[in-house]
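Note: hydrogens, waters and symmetry copies are ignored here, and every other heavy atom, side chains too, is used. Worth saying up front: this structure is predicted, and the values here are computed from it rather than measured. Whatever order the structure lists ligands and atoms in, that order sets their numbers, starting from 1.
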Amino acid sequence: MTLFRLDGKRALVTGSRGIGLAAAGQLMELGAQVTIAARGEEALRAAAQSIGAQWVVADVGTAEGVQAALAAAGAVDILVSNAGGPAPSLPSGVSAEAWQRGFETTFLSTARLAGGVLPGMREKKWGRIIAITSLTVGRPALNLPVSNAMRAAVTNHLRTLALEVAADGVTCNTVAPGYTATDRLKALHASPADAETLTARIPARRFGQPAEVAAAITFLATNEAAYITGQEILVDGGWGI
Ligand code: NAD
């Protein structure tokens, strides 16, 4: 038997850069048919074409965007829910508007997407719901209060959902990246000095690569990961030890 194949499976991956794109590429390499959903058409089309995926323009922070993504992807077997992280700020200074935006983009996107794909997965008795969170779930970062709160909510929502649907062959897990060399990291830690200070604090002494986070996502999507559910997999070079 060939291990880790995803032939015949349909995947919906949200986010067309960084970790999302790397995961989409790996799922395709294992034989899945992949649809990528993101907001900016030009970059999205180029990214999807670079790996041969299908694509749909959708803002997953809105109900309409989630509907558009689900409609374009068809009967989804594997959901990878991922979007940009909330903007930095101090915890004492988060506006109601920023909380709302974070709630919609980071939490509600996953809850809505998961709700949309679940009926079909339960019927087929096979499904994988995987959300990308952050190392900040376990160790809150001072400057990312909205991310810290919303990702903890995503984590516990998927753990709760896992309780309900485990007997239907549907697994629900989160993958929590550590510091990973993507545009998001460059935006948050722009200066070389900042990057050097940060890598010195990571036990692996380097940033992760998108493909290393994607490998955990891809593994969770396989048949072989059928008995792993309700878990958070940290891919962080030892940061959280
Ligand atoms: P990224 O910024 O490189 O990519 C995010 C992708 O999501 C982009 O393609 C963007 O277009 C898309 N996106 C953003 N908002 C969207 C929306 N509303 N609807 C549809 N698509 C949307 O980010 P990344 O580094 O690949 O990170 C992926 C996730 O992992 C993010 O949530 C990020 O916060 C989290 N994370 C990243 C790191 C890191 O070091 N890179 C660390 C911890 C957590």
Side-chain angles (χ1 to χ4, degrees), residues 12-25 35-48 50-51 53 55-70 72-73 79-88 100-110 112-113 130-141 143-155 174-190 194-195 198-199 201-202 204 206-214 216-217 232-237 239-240:
L12 170 61
V13 178
T14 64
S16 63
R17 291 196 307 251
I19 293 166
L21 181 60
T35 301
I36 306 178
R39 290 166 307 175
E41 180 166 355
E42 210 175 309
L44 166 63
R45 190 186 327 113
S50 74
I51 59 168
W55 54 274
V56 56
V57 177
D59 178 347
V60 295
T62 67
E64 304 74 48
V66 166
Q67 275 314 315
L70 292 171
L79 168 67
V80 180
S81 178
N82 160 64
Q100 186 65 32
R101 205 168 38 247
F103 172 70
E104 287 174 6
T105 305
T106 303
F107 176 77
L108 210 47
S109 57
T110 298
R112 280 178 170 145
L113 285 163
I130 303 157
I132 312 315
T133 59
S134 172
L135 75 171
T136 60
V137 172
R139 279 198 189 188
N143 66 336
L144 293 173
V146 181
S147 174
N148 300 336
M150 296 307 154
R151 295 183 194 285
V154 169
T155 305
T174 56
V175 171
Y179 293 98
T180 311
T182 66
D183 294 346
R184 163 88 173 160
L185 186 73
K186 282 175 214 150
L188 286 175
H189 303 280
D194 199 7
L198 199 54
T199 45
R201 292 168 57 204
I202 300 171
R206 65 176 178 85
F207 293 136
Q209 291 302 314
E212 293 176 306
V213 180
I217 299 168
E232 175 187 60
I233 312 289
L234 275 159
V235 185
D236 68 352
W239 176 271

Q: For Thr136, enumerate each residue passing the side-chain hydrogen bond (donor to acceptor under 3.5 Å, both in side chains) test, keeping only those at least two apart in sequence or located in another chain.
A: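 Ser134, Asn148.
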(Q) Going by side-chain hydrogen bond (donor to acceptor under 3.5 Å, both in side chains), name the residues that satisfy it together with Thr105, two or more places apart in sequence or in a different chain. (A)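 Thr105 satisfies side-chain hydrogen bond (donor to acceptor under 3.5 Å, both in side chains) with no residue once adjacent residues are dropped.
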Provide, line by line, the atom pairs where ligand 1 and the protein bring an N/O atom each to a distance under 3.5 Å; else say none.
residue  : atom   : partner : partner atom : Å
ligand 1 : 2 (O)  : Arg17   : NH2          : 3.1
ligand 1 : 9 (O)  : Ser16   : N            : 2.7
ligand 1 : 9 (O)  : Ser16   : OG           : 3.4
ligand 1 : 9 (O)  : Arg17   : N            : 3.0
ligand 1 : 15 (N) : Arg39   : NH2          : 3.3
ligand 1 : 15 (N) : Gly84   : N            : 3.4
ligand 1 : 18 (N) : Asp59   : OD1          : 2.8
ligand 1 : 19 (N) : Val60   : N            : 2.9
ligand 1 : 25 (O) : Thr182  : OG1          : 2.4
ligand 1 : 26 (O) : Ile19   : N            : 2.8
ligand 1 : 32 (O) : Ala83   : O            : 2.5
ligand 1 : 32 (O) : Arg151  : NH1          : 3.4
ligand 1 : 32 (O) : Arg151  : NH2          : 3.0
ligand 1 : 34 (O) : Gly85   : N            : 3.4
ligand 1 : 34 (O) : Arg151  : NH2          : 2.7
ligand 1 : 34 (O) : Arg184  : NE           : 3.1
ligand 1 : 40 (O) : Gly178  : O            : 3.4
ligand 1 : 40 (O) : Thr180  : N            : 2.8
ligand 1 : 40 (O) : Thr180  : O            : 3.3
ligand 1 : 41 (N) : Thr180  : O            : 3.2
ligand 1 : 41 (N) : Thr182  : OG1          : 3.0

Q. Does Thr155 reach the main-chain N or O of Ala153 with its side chain, forming a donor-acceptor pair under 3.5 Å?
A.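 A pair under 3.5 Å: no.
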Q.
Has Asn82 got a side-chain atom pairing as donor or acceptor with Thr14's backbone, closer than 3.5 angstrom?
A.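 Checked: pair present.
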Q | Any pair counted as salt bridge (charged side-chain N to carboxylate O under 4.0 Å, His left out), so long as it reaches residues 55-65, sequence neighbours left out | A |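 Listed by first then second residue: nothing to list.
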Q) Any idea how Tyr179 and Phe207 line up, ring-wise: parallel (<30°), tilted (30 to 60°), or perpendicular (>60°)? A)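 The rings of Tyr179 and Phe207 sit tilted, inter-plane angle from 30° to 60°.
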